[in-house]
Asker: 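The structure's right below; bear with me while I get my questions together.
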Amino acid sequence: MATPQPDCGTRDRHFMRLAQAAADEARAAGEVPVGAVLVCGDKVIASGFNHPISAHDPSAHAEMAALRAGAQALGNYRLPGCELYVTLEPCLMCAGAIMHARIARVVFGAHDPKTGACGSVVDAFANEQLNHHTNVTGGVLADECGEALRAFFAERRRASREARRAARAQAEEALTRTGAAGADESPG
């Protein structure tokens with residue numbers, strides 16, 4: 001299970017802020033704001049953000065985008081010694097890819113109580129039968145990362161409510177016009 005780090009280091013906060021910047025790119029594209037950066041030593045190798053809607057790809061999560069870009073940059077599908085910083089706890093799909101890539105460490109921001117695979121729902125990284133073990137640190141800038149997601153979904157719900165209200169008002173106006181037109185017509 002991921003160990004919360006209330007006093008996370010300056011390094012972890014620095015790279016998580018870069019992941020947050022990637023999440024901002026997702027939000028600007030109308031996607032759920034989740035971002036990731038892949039780091040080797042103190043160098044950012046790649047970054048990625050959620051884009052499954054625009055890519056029509058259920059696997060286009062931030063982690064997957066960063067892993068793909070990192071593998072291309074390093075010319076290897078194995079990424080030993082690399083760390084992955086992500087604003088939201090990885091799901092099971094991403095956890096599997098992280099293991100296959102041999103990522104040394106995952107650092108995430110907000111916990112995901114619905115699909116989190118680092119301890120919130122399941123803990124994929126705690127299975128000792130698996131041949132690769134990734135260290136996990138959770139809760140780095142958790143409040144900021146979680147607030148970005150809450151604000152996004154609150155705005156999405158608000159926009160949906162406004163769209164429903166506008167549609168109702170338009171339908172009522174059409175009915176009123178139809179009713180008024182019907183009243184103006186004289187029986188023949």
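Since the model is a prediction, treat every value here as computed from it, not as a measurement.
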Asker: Thinking salt bridges, do R105 and D12 make one under a 4.0 Å N-O criterion?
Answerer: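 A salt bridge is present here (some side-chain N lies under 4.0 Å from a carboxylate O).
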Asker: Is there a side-chain contact between E83 and F15 (heavy atoms, below 4.5 Å)?
Answerer: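 Heavy-atom side-chain distance check fails, nothing below 4.5 Å.
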Asker: Report, one line per pair, each donor and acceptor closer than 3.5 Å where one atom sits in a side chain of residues 18-26; sequence neighbours left out.
Answerer:
unit_1, atom_1, unit_2, atom_2, d
Q20, NE2, E144, OE1, 3.4
D24, OD1, R27, NH2, 2.6

Asker: If every non-hydrogen atom of P52 is compared with every non-hydrogen atom of P58, which pair is closest and at what distance?
Answerer: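 In terms of heavy atoms, the two residues are closest at CB-CA, 4.4 Å.
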Asker: Could you check whether any side-chain heavy atom of F108 comes within less than 4.5 Å of a side-chain heavy atom of V136, counting everything from C-beta outward?
Answerer: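 With C-beta onward as the side chain, the pair touches.
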Asker: Do the side chain of H132 and the main chain of I103 share a donor and acceptor less than 3.5 angstrom apart?
Answerer: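 Pair found, side chain donor or acceptor close to backbone of I103.
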Asker: For the atom pair OG1 (T87) and CG (L141), what is the distance rounded to the nearest 0.5 Å?
Answerer: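 Answer for the OG1-CG pair, T87 versus L141, is 10.5 Å.
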Asker: Quick one: pull up CZ in R102 and OG1 in T134 and give me the separation to the nearest 0.5 Å.
Answerer: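 It is 9.0 Å, given to the nearest 0.5 Å.
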Asker: Is it the case that more than 12 heavy atoms not belonging to E147 sit under 6.0 Å from its CD atom?
Answerer: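 Enclosed.
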Asker: Is it the case that R164 and S160 place a side-chain donor and acceptor less than 3.5 Å from each other?
Answerer: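 Indeed, the side chains of R164 and S160 share at least one donor-acceptor pair under 3.5 Å.
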Asker: Same hydrophobic cluster for L74 and M64, using side-chain heavy-atom links shorter than 4.5 Å among ILVMFWY?
Answerer: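 No; M64 is not reachable from L74 via cluster members.
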Asker: Do I98 and L84 come within less than 4.5 Å of each other through their side chains, counting heavy atoms only?
Answerer: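 The answer is yes; the side chains approach within 4.5 Å.
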Asker: Group every Ile, Leu, Val, Met, Phe, Trp and Tyr by side-chain heavy-atom contacts under 4.5 Å, then state whether V122 and F125 land in the same group.
Answerer: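 No, separate clusters.
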Asker: So, are R158 and E155 salt-bridged, with charged N and O less than 4.0 Å apart?
Answerer: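 Looking at E155 together with R158, the answer is yes, because their closest N to O distance falls below 4.0 Å.
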Asker: Quick check: closest heavy atoms across E89 and D112, and the distance to 0.1 Å?
Answerer: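 The pair with the smallest heavy-atom distance is OE1-N, 2.9 Å.
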Asker: Could you tell me the separation between the CZ atom of R13 and the CE atom of M16, rounded to the nearest 0.5 Å?
Answerer: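 So the gap between those two atoms works out to 11.5 Å.
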Asker: Do the non-hydrogen side-chain atoms of V121 and K114 ever get within less than 4.5 Å of each other?
Answerer: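 Heavy-atom side-chain distance check fails, nothing below 4.5 Å.
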Asker: Atom CZ in R161, atom CZ in R157: separation rounded to 0.5 Å?
Answerer: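 One gets 7.0 Å once the value is rounded to the nearest 0.5 Å.
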Asker: Give the minimum heavy-atom separation between G109 and C145, together with the two atoms involved.
Answerer: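 Smallest interatomic distance, heavy atoms only, reads CA-SG, 3.9 Å.
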Asker: Would a single hydrophobic cluster contain both M99 and Y77, if residues Ile, Leu, Val, Met, Phe, Trp and Tyr are joined by side-chain heavy-atom contacts under 4.5 Å?
Answerer: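 Per the 4.5 Å side-chain linkage, Y77 and M99 are not co-clustered.
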Asker: Taking atom types as modelled, find out whether S59 and H61 have a side-chain donor-acceptor pair closer than 3.5 angstrom.
Answerer: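 Short answer, no.
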Asker: What donor-acceptor contacts under 3.5 angstrom involve side-chain atoms of residues 30-50, with partners at least two apart or in another chain?
Answerer:
unit_1, atom_1, unit_2, atom_2, d
E31, OE1, I53, N, 3.2
E31, OE2, I53, N, 3.3
E31, OE2, S54, N, 2.7
E31, OE2, S54, OG, 3.0
D42, OD1, R11, NE, 2.8
N50, OD1, A62, N, 2.9

Asker: Can you confirm whether E162 is buried at CD, in the sense that more than 12 heavy atoms of other residues, nucleotides or ligands lie under 6.0 Å from that atom?
Answerer: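 More than 12 within 6.0 Å, yes.
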Asker: Group every Ile, Leu, Val, Met, Phe, Trp and Tyr by side-chain heavy-atom contacts under 4.5 Å, then state whether L79 and L130 land in the same group.
Answerer: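 Yes: a chain of side-chain contacts under 4.5 Å links L79 to L130.
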